[in-house]
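Values below: all heavy atoms of this structure, side chains included; hydrogens, waters and symmetry mates excluded.
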Amino acid sequence: MFAALMLPATIGITSCSDSFLDEKLLTEKGTQYFQTKDGLDDLVTGTYQKLKFKFNYIWGYNMYNMGIDEFTGGNNDMAAWNHYGTALNSGETGSNQPLWDNMYGTIEPANIIIENVPKYYGENISTYKNRLGEGYFFRAYAYFELVKQFGGVPLKLQPSTNVEYKFTRNSEEECYAQIISDFEQAYNLLPEEPEGKQLGRLTKSAAAHFLAKAHLFRASELYSSWNGQYKEADLNAVIKYGDEVIKKHPLCTNFQELWDYTEPDGANEKVAEVVLAAQFSDNSDTWGRFGNQMHLCFLSVYQNLAGTKRDISGDREFCYTSATEYSMQVFDRVNDSRFWKSFITKYGCNDTKGAPKWDADAMKQYPNAFPAGAVAGEKRFVGGQIGIKYIINNPGDTRFTDLNGKRSEDYVCKDGIVQPEHVFVRYYAGQPFNWNIDPNSANRTGNYYPLYPHNRSVALSKHRDGSRNSIASQFGCRDAIIARSADDVLMVAEAYIRKGDYNNAITYLNMVRDRAGYQEGEDRSISRDGGQAYKKNSVCTGKGGGYSADGAIYTDENTYFESNNIAVTTASTKSEMHLNSIQDILNSEADKPIYEALKCNTDAEKMMCFLLNERTRELIGESHRWEDLARTKTLEARWNAFNDGSLKGIGKFDPAKHYYRPIPQSFLDGITNESGASLSDAEKEAMQNPGY
C-alpha cells in the first residue's frame with residue numbers, strides 16, 4: 001500500500017534461466033546503488049518480475065476471468081467474483097488488494113528508473129534509451145492495470161524519499177493522459193528488436209500494442225461521460241499503432257502453434273505473433289512464491305472418475321471456472337478450428353486398476369443396450385485408451401440418450417448402445433436449444449451442467465502445463481502471453497467498427513478468421529496442448545518422455561467428428577470462415593442466438609456484438625474478458641444472459657457499482673487528509689468507488 005512505499009533493501013531478481021532475467025540477489029543495497037549504471041540495470045531487471053504478477057495466483061482468475069459470459073464458477077466457485085457477492089468489498093485481501101499493492105510496487109521502481117537514468121546512467125551508453133524506455137513502460141503498464149480495474153487512482157510520479165501518507169485520487173481522464181504519455185515515451189525510446197535478442201525484453205512493439213489498447217479503452221463506453229473530445233483521435237491511434245504491431249509480429253500460420261507447448265523455453269515460446277510474454281522457467285530457484293498458476297484455473301475435474309487419476313500431463317485441476325453454454329455456442333465448431341485447439345474434449349485412461357467394469361445387473365436388465373464383445377466384470381477401457389469424452393453437439397442430435405432415466409456418465413447411450421467411456425453430452429435427443437443458466441431448470445444442456453459446483457465442463461487447454469516437476473506442483477513453467485498481435489488485429493477491427501467503416505473492419509476480422517479455418521489436409525481429430533510437455537519431462541515415468549504402463553491423462557485426440565456427426569474429411573474450411581460482407585456477420589448462425597439473447601437489433605449493435613464474440617473465439621481465457629466487457633459496458637447484460645451465477649441468489653450485478661473494483665480498505669485506513677489526521681468515514685466514502 002502507499003503508506004509503505006519505500007524501496008526495500010533486499011531485492012530478489014528471479015526468472016527465466018535462459019534469458020537476461022538470471023537469478024540474482026541484491027543484499028544490503030541502499031538507494032545509492034540505484035545511482036549507478038549497474039544498480040539501475042539490476043533495478044530494471046528486477047522490475048520485469050512484476051510482469052509475472054497477473055499469472056501468479058488466484059487474482060489472475062478472479063479479477064480477469066470470473067463474473068463474465070465465457071466462464072462461470074467451477075468446482076471452487078469464488079462467489080465474490082463470479083456472483084458479485086457481498087464479499088467483493090473494500091476488505092477483500094485475496095485478489096483486490098494484491099493487485100493494488102503490486103502495481104504500486106511496480107510504479108515505485110519505475111519512478112526511480114525514470115528519475116535516475118538521466119542523472120546517473122550515462123547518455124552515451126548504448127543501453128541508455130532502453131533503460132529509460134523500460135522505466136516509462138513499467139509505470140504506464142502498472143497505472144493501466146490499476147485504472148482498468150479501479151477507475152481513477154492516485155498518480156505518483158516521483159520516487160519516495162520517506163514514508164508518505166497524503167494522497168488524493170486523480171480522475172480517469174488524468175490517469176489515461178499519463179498512461180498514454182508514458183507509453184509514448186516508451187515507444188520513442190525502446191528498440192525495434194529485443195536488446196541482445198533476449199527473450200521477454202521490451203521493444204517498441206510492446207509499447208505500440210499498449211498504446212493501441214489504452215487509446216481503445218479511452219474511446220470505450222465506460223468513459224462516455226468525458227471521452228467525447230478524444231474518440232476520433234483515439235480510434236485513429238488504435239489503427240496506427242495496431243497496424244505497426246501486426247506488420248512486425250505476423251500471425252502464426254496455424255492457431256495451434258500458439259499452444260503447441262512441448263517444453264520450457266522451447267520453440268512454441270518464440271513464435272513471432274507473441275509481442276510480450278512473462279518469462280517463467282522450470283528452474284525452481286526462479287519461482288518465488290507462486291510460479292505461473294494459470295494452469296490450475298480452467299480445468300475440469302477428472303481424478304474422481306473411475307480409471308483416471310491425477311498426473312502431470314493432465315494437470316492439477318483446481319477447477320475455479322467452468323465454460324458456459326455461451327462459450328460452446330459462440331463457435332462454428334465445424335469450420336472454426338479455434339474451438340478444438342482451445343478446449344479439451346478427450347482424456348486418456350491412466351489407471352487400469354481403477355477403471356470401471358461392465359455391470360452384470362445392467363447387462364441383464366438391458367441386454368440389447370451393450371456393445372458386442374462387452375463381458376460382465378471386465379474393464380470397459382484400460383490404460384492407453386480413452387477414458388473420458390465430451391460431446392459438443394447441437395440441439396436436434398438424436399444419437400445420445402440415457403439408459404435408465406438417470407443421466408450419468410456411466411450410462412450414456414449412442415444410437416441405443418452404452419458407451420464404454422465416461423461420456424458427457426451437450427445435447428441429448430429431444431433437448432431444445434436453451435441458454436440453460438437456471439440452476440433449477442430440467443432443460444439444462446448435457447449431464448454435466450446441472451452439477452453444482454460445476455466440476456465437469458469442457459475445459460480450456462491453453463494453459464495446461466506438463467512440464468511441472470511433480471503431480472502436486474502448482475508451479476507452472478510455461479511463459480504467459482501478455483500481448484499477441486491477434487489482439488491488435490481485433491482492436492483495429494473494433495476501431496473501424498466504431499468509425500462505421502465496416503468494410504475495413506471485415507478486412508481485419510478476416511485476418512484471424514482465415515487463420516482459424518482448417519487447412520487443406522489438416523487432421524481435425526488432433527488437438528495438441530501443453531499437457532504433452534510431460535513427454536520431455538525427466539520426472540515422468542520412463543525418464544525423458546516414456547509413457548507409463550497405464551498411459552497418461554493427456555491425449556491429442558478430440559471429439560471433433562463424433563461431436564459434429566460428420567464424415568471424416570481433410571478439406572479446407574477457410575472459405576467457410578471468410579467474411580464476404582456485412583451480411584455474413586448479421587446472419588451468422590453461431591451469432592444469431594447471441595444477438596437475440598442480448599437484444600441486438602441494429603447493424604451497429606450486431607457489429608459490436610460480433611466483435612466481442614470474435615474476441616471470445618480468438619482470446620478466450622487469455623485474461624482480457626472482464627476488462628473488455630467492463631469498458632464496453634456490456635458486462636451486466638452478458639453476465640445476466642449467460643452466467644448462471646446471476647440466478648443463484650448469491651449476488652447481483654449492480655451497474656452503479658460493479659463496473660469498478662473497490663479501493664482497498666487498507667489504503668484508505670493508512671492515509672491521512674491535508675491536516676495529517678486519519679481519514680474520517682465520510683472522507684473514506686468520498687475516496688471510495690460508489691456502492692462499496
Exercise for review: Mind checking the CD-OG1 spacing from Glu622 to Thr616? Nearest 0.5 Å is all I need.
Suggested key: 11.0 Å
**Study point:** Donor-acceptor pair between Asn292 and His463 side chains, under 3.5 angstrom
**Key:** no
Practice item. Give the ring-plane orientation class for His658 versus Tyr692, where under 30° counts as parallel, over 60° as perpendicular and anything between as tilted. Key: perpendicular
Review point. Taking all atoms of both residues into account, what is the closest heavy-atom pair of Pro662 and Leu88, and its distance?
Key: CD-CD1, 4.2 Å
Exercise for review: Could you tell me whether Arg625 and Asp69 make a salt bridge, using a distance below 4.0 angstrom between a side-chain N and a carboxylate O?
Suggested key: yes
Practice item. Could you tell me whether the side chain of Tyr84 and the main chain of Gly67 form a donor-acceptor pair under 3.5 Å? Key: yes
Exercise for review: Consider only side-chain N and O atoms of Gln149 and Glu627, and report whether a donor and an acceptor are under 3.5 Å apart.
Suggested key: yes
Exercise for review: List the steps, then state whether side chain to side chain donor-acceptor pair (under 3.5 Å) holds for Lys54 with Asn102.
Suggested key: CA-CA 10 Å; Lys54 194 172 184 177; Asn102 275 270; over 6 Å; no
Review point. Would you say the side-chain atoms of Glu92 and Asn96 include a donor-acceptor pair closer than 3.5 Å?
Key: no
Review point. Do NZ/NE/NH1/NH2 and the carboxylate oxygens of Asp243 and Lys240 come within less than 4.0 Å?
Key: no
Practice item. Check whether NZ of the Lys or CZ of the Arg Arg617 lies under 6.0 Å from the centre of the six-membered ring of Phe610 and within 45 degrees of that ring's axis. Key: yes
Review point. Ion pair present between Asp336 and Arg338, side-chain N to carboxylate O less than 4.0 angstrom?
Key: yes
Point to revise | NZ or CZ of Arg218 within 45° of Trp226 ring axis and under 6.0 Å | key: no
**Study point:** Quiz item: cation-pi between Lys462 and Phe298, 6.0 Å / 45°
**Key:** no
Point to revise | Parallel, tilted or perpendicular: rings of Phe167 and Phe667 (30°, 60°) | key: tilted
Review point. Do we see a donor-acceptor contact under 3.5 Å between the side chains of Asp644 and His454?
Key: yes
Review point. Using 30° and 60° as the class limits, which term best fits the ring planes of Tyr320 and Tyr61: parallel, tilted or perpendicular?
Key: tilted
Review point. Going by atom types alone, do Arg169 and Asn689 pair a side-chain donor with an acceptor below 3.5 Å?
Key: yes
Exercise for review: Check whether the ring centres of Trp59 and Tyr64 lie less than 6.0 Å apart, and answer yes or no.
Suggested key: no
Exercise for review: Kindly state whether the ring of Tyr659 and the ring of Phe653 have centres lying under 6.0 angstrom apart.
Suggested key: yes
Review point. What do you reckon, are the aromatic ring centroids of Tyr660 and Phe150 less than 6.0 Å apart?
Key: no
Review point. Listed by chain and number, what are the salt bridge (Lys or Arg N to Asp or Glu O under 4.0 Å) partners of Asp332, not counting sequence neighbours?
Key: none
Exercise for review: Check whether more than 12 heavy atoms from other residues, nucleotides or ligands sit under 6.0 Å from atom CD of Glu232, and answer yes or no.
Suggested key: no
Check your understanding: Under the 6.0 Å and 45° cation-pi test, does Lys213 pair with Phe217?
Key -> no
Review point. Can a donor-acceptor pair be found between the side chains of Thr321 and Asn65 at a distance below 3.5 Å?
Key: no
Review point. Are Lys52 and Phe290 in a cation-pi contact, defined as NZ or CZ under 6.0 Å from the six-membered ring centre and within 45° of the axis?
Key: no
Check your understanding: Does a donor on one side chain and an acceptor on the other come within less than 3.5 Å for Glu70 and Thr324?
Key -> no
Review point. Looking only at atom types and distance, does a side-chain atom of Thr602 sit under 3.5 Å from a main-chain N or O of Glu605, one as donor and one as acceptor?
Key: yes
Review point. Between Arg631 and Glu494, is there a side-chain N and carboxylate O pair less than 4.0 Å apart?
Key: yes
Review point. If you measure only the distance, is there a donor-acceptor pair under 3.5 Å linking the side chains of Lys499 and Asn504?
Key: no
**Study point:** Pairs satisfying salt bridge (charged side-chain N to carboxylate O under 4.0 Å, His left out), at least one member in residues 220-230, at least two apart
**Key:** Glu221-Arg498
Point to revise | Audit row: Asp234, His215, side chain to side chain donor-acceptor pair (under 3.5 Å) steps and yes/no | key: CA-CA 5 Å; Asp234 277 340; His215 281 288; 2.5 Å; yes
Practice item. Would you tell me whether Tyr176 and Tyr143 have side-chain atoms, one donor and one acceptor, within less than 3.5 Å of each other? Key: no
Point to revise | side-chain contact (heavy atoms from CB on, under 4.5 Å) involving Ser225 - partner list, sequence neighbours excluded | key: none
Exercise for review: Tell me, please, which residues at least two apart from Ala186 pass side-chain contact (heavy atoms from CB on, under 4.5 Å).
Suggested key: Tyr136, Phe137, Leu190, Ala207
Point to revise | Salt bridge present between Lys341 and Asp529 (N-O < 4.0 angstrom) | key: no
Point to revise | Lys592: salt bridge (Lys or Arg N to Asp or Glu O under 4.0 Å) partners, not counting sequence neighbours | key: Glu589
Review point. On the ring face of Tyr187, is Lys204 found with NZ or CZ under 6.0 Å from the centre and within 45° of the axis?
Key: yes
Practice item. For Ala486, check side-chain contact (heavy atoms from CB on, under 4.5 Å) against everything at least two apart and list the hits. Key: Leu251, Glu273, Arg484, Val512, Arg515, Glu618
Exercise for review: Check the pair Arg464, Tyr261 against side chain to side chain donor-acceptor pair (under 3.5 Å), reporting the backbone distance first and the verdict last.
Suggested key: CA-CA 9 Å; Arg464 203 150 59 155; Tyr261 175 76; over 6 Å; no
Practice item. Would you please classify the geometry between the Phe138 ring and the Tyr48 ring as parallel, tilted or perpendicular, with 30° and 60° separating the classes? Key: perpendicular
Check your understanding: side chain to side chain donor-acceptor pair (under 3.5 Å) between His83 and Asp77: does it pass, once the steps are laid out?
Key -> CA-CA 9 Å; His83 303 266; Asp77 190 13; 2.5 Å; yes
**Study point:** Donor-acceptor pair, side chain of Thr634 and main chain of Ala630, under 3.5 angstrom
**Key:** no
Point to revise | Donor-acceptor contact below 3.5 Å, side chain Asn111 vs main chain Lys156 | key: yes
